[in-house]
Each structure stands twice: as C-alpha cells, then as structure tokens.
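What you see is a predicted model, and the numbers here were worked out from it, not measured in a lab.
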Amino acid sequence: MKTKYLFILLFGILFATCNQKEEKKLSDYMIGNWETTHIKIKMVTVNKTDSTSVFQDDFSKPNSGKAQSSYKKDGTFSAWFKQPNGEKVDETNGKWKTKNDSLFIDYFYLGKQVQAWYKIQQIENGFKGTSIYDWDNDGKSDDTLIMTTKKTKL
C-alpha cells in the first residue's frame with residue numbers, strides 16, 4: 001500500500017515539474033520584440049444583434065502600419081503601432097505572464113482596462129495567438145481573435 005502512495009506522489013512531482021518546465025519555456029520564448037504580421041477578429045452578435053463581423057489586417061503590406069510589442073523578463077510589456085514613416089503611435093504598457101500554453105496580458109487602452117489571454121502556439125520565427133474576448137465591447141466574451149507574429153529586433 002505504501003508503494004502505491006509513493007508511486008502516486010512521485011508521479012505527481014514529475015507531472016508538476018514537467019508543467020513548470022513547459023511554463024518556463026513559454027515565458028522565456030515570449031521575452032523579446034515582436035511584430036504582428038496578420039490579425040483576424042471574428043465578432044458575433046455585433047452591437048447586440050445576430051450579425052457577425054470579421055475584421056482582418058495584413059500588416060505585411062508595403063506602407064502599412066506595423067503592430068509591435070516588447071516583452072520584458074520582469075513581466076512588463078509595451079505595445080504600439082509603428083507608422084510607415086517610423087513614428088510610434090497608440091503606445092500602451094502593461095503586465096504579462098504565462099501559464100502552460102497561455103499568455104495573460106493586462107493593460108489600459110483607449111480608456112478601458114483590458115485583461116485578455118491568448119493560447120500561444122509557437123511557429124517558425126514567431127507565434128500564433130488565439131483569444132476569446134469581448135473585442136467589440138458588447139458585453140459578451142464571444143469574439144475570436146487570431147494573430148500571427150514574427151520575432152524582431154528593435
């Protein structure tokens with residue numbers, strides 16, 4: 001009987017250790033500078049109707065603004081848009097953390113406190129983030145945002 005409990009305890013410690021290593025990997029991966037290359041937001045029940053709206057932006061187009069961000073080891077981040085002329089606009093700062101395969105962000109933007117999470121999938125030279133949130137501000141967290149990024153040097 002003691003052997004059974006010892007096995008369960010050892011398995012639990014191994015499982016917890018593996019989860020901590022996975023979390024550390026994502027937090028280490030996120031540190032640095034990023035540029036969003038594509039974003040798609042599907043908003044259902046827009047303006048409290050049964051209408052669905054889809055917003056997309058391909059930031060790789062020439063002369064388009066670039067959505068950029070920088071994640072620091074201390075759990076803070078900055079995000080902004082870089083205009084084609086190089087000017088930074090709409091900069092915001094916030095806090096971030098990871099848990100398992102998720103990125104949690106907390107920041108103030110356009111008069112509103114935003115607390116969102118993204119499921120992160122590491123891809124070549126970047127990540128794909130998926131979030132369910134109230135992106136259209138209709139009071140329902142029923143909108144899906146999918147973005148792809150690439151790692152950059154500032």
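Atom-to-atom distance recorded for Leu103:CG and Thr130:OG1 is 11.5 Å, nearest 0.5 angstrom. One finds the NZ atom of Lys151 at 14.5 Å from the CD atom of Glu124 (value rounded to the nearest 0.5 Å). With rounding to the nearest 0.5 Å, the separation of CG in Asp106 from NZ in Lys95 is 8.5 Å. In this structure, OG1 on Thr92 lies 8.5 Å from CG on Leu110, to the nearest 0.5 angstrom. Ile39 contributes atom CD1, which lies 6.5 Å from atom CZ of Phe55 (distance to the nearest 0.5 angstrom). With rounding to the nearest 0.5 Å, the separation of OG in Ser69 from CD in Glu91 is 11.0 Å.
Not a single side-chain hydrogen bond (donor to acceptor under 3.5 Å, both in side chains) links Asp134 to another residue, sequence neighbours left out.
With Thr149 contributing its side chain and Gly126 its backbone, the two residues share no donor-acceptor pair below 3.5 Å. With Asp136 contributing its side chain and Met43 its backbone, the two residues share no donor-acceptor pair below 3.5 Å. In this structure, Ser78 contributes its side chain and Asn93 its backbone to no donor-acceptor pair below 3.5 Å.
Cluster membership check: Ile120 does not share its hydrophobic cluster with Ile146, using side-chain heavy-atom separations under 4.5 Å among Ile, Leu, Val, Met, Phe, Trp and Tyr. Trp34 and Phe104 end up in different hydrophobic clusters when Ile, Leu, Val, Met, Phe, Trp and Tyr side chains are linked at under 4.5 Å. Under a hydrophobic-cluster definition in which Ile, Leu, Val, Met, Phe, Trp and Tyr are linked whenever side-chain heavy atoms come within less than 4.5 Å, directly or via other members, Phe77 and Ile31 are assigned to the same cluster. Residue Ile41 is not grouped with residue Val44 when hydrophobic side chains (ILVMFWY) are merged at heavy-atom distances under 4.5 angstrom, including chains of intermediate members. Placement of Trp117 and Leu145 in two distinct hydrophobic clusters is found when ILVMFWY residues are connected by side-chain heavy-atom separations under 4.5 Å, directly or transitively.
Taking the six-membered ring where the residue is Trp, the centroids of Tyr107 and Trp80 are separated by 6.0 Å or more.
For residues 66-84, no pair satisfies salt bridge (charged side-chain N to carboxylate O under 4.0 Å, His left out), with sequence neighbours left out.
Applying the 6.0 Å contact sphere to CG of Asn63 captures no more than 12 heavy atoms from other residues, nucleotides or ligands. Within a 6.0 Å radius of CD in Gln56, other residues, nucleotides and ligands contribute more than 12 heavy atoms.
Between Ser70 and Asn33 the shortest heavy-atom distance is OG-OD1, 2.7 Å. The minimum heavy-atom distance linking Asp57 with Phe59 is given by the pair OD2-CE2, 3.6 Å. Shortest non-hydrogen contact noted between Val54 and Lys40 is CG1-CE, 3.8 Å. For Tyr71 against Ile105, the heavy-atom pair with the smallest separation is OH-CG2, 4.2 Å. Across every non-hydrogen atom of Met30 and Phe127, the tightest pair is CE-CE2, 3.7 Å. Closest approach of Tyr29 and Gln122 over heavy atoms only: CE2-CG, 3.6 Å.
For Thr37 and Thr148, the side-chain atoms include at least one donor-acceptor pair closer than 3.5 Å. Between the side chains of Gln121 and Asp101, no donor-acceptor pair of N or O atoms lies under 3.5 Å.
Aromatic ring pairs are classed by plane angle as parallel below 30°, tilted from 30° to 60° and perpendicular above 60°; the pair Tyr118 and Trp135 is tilted.
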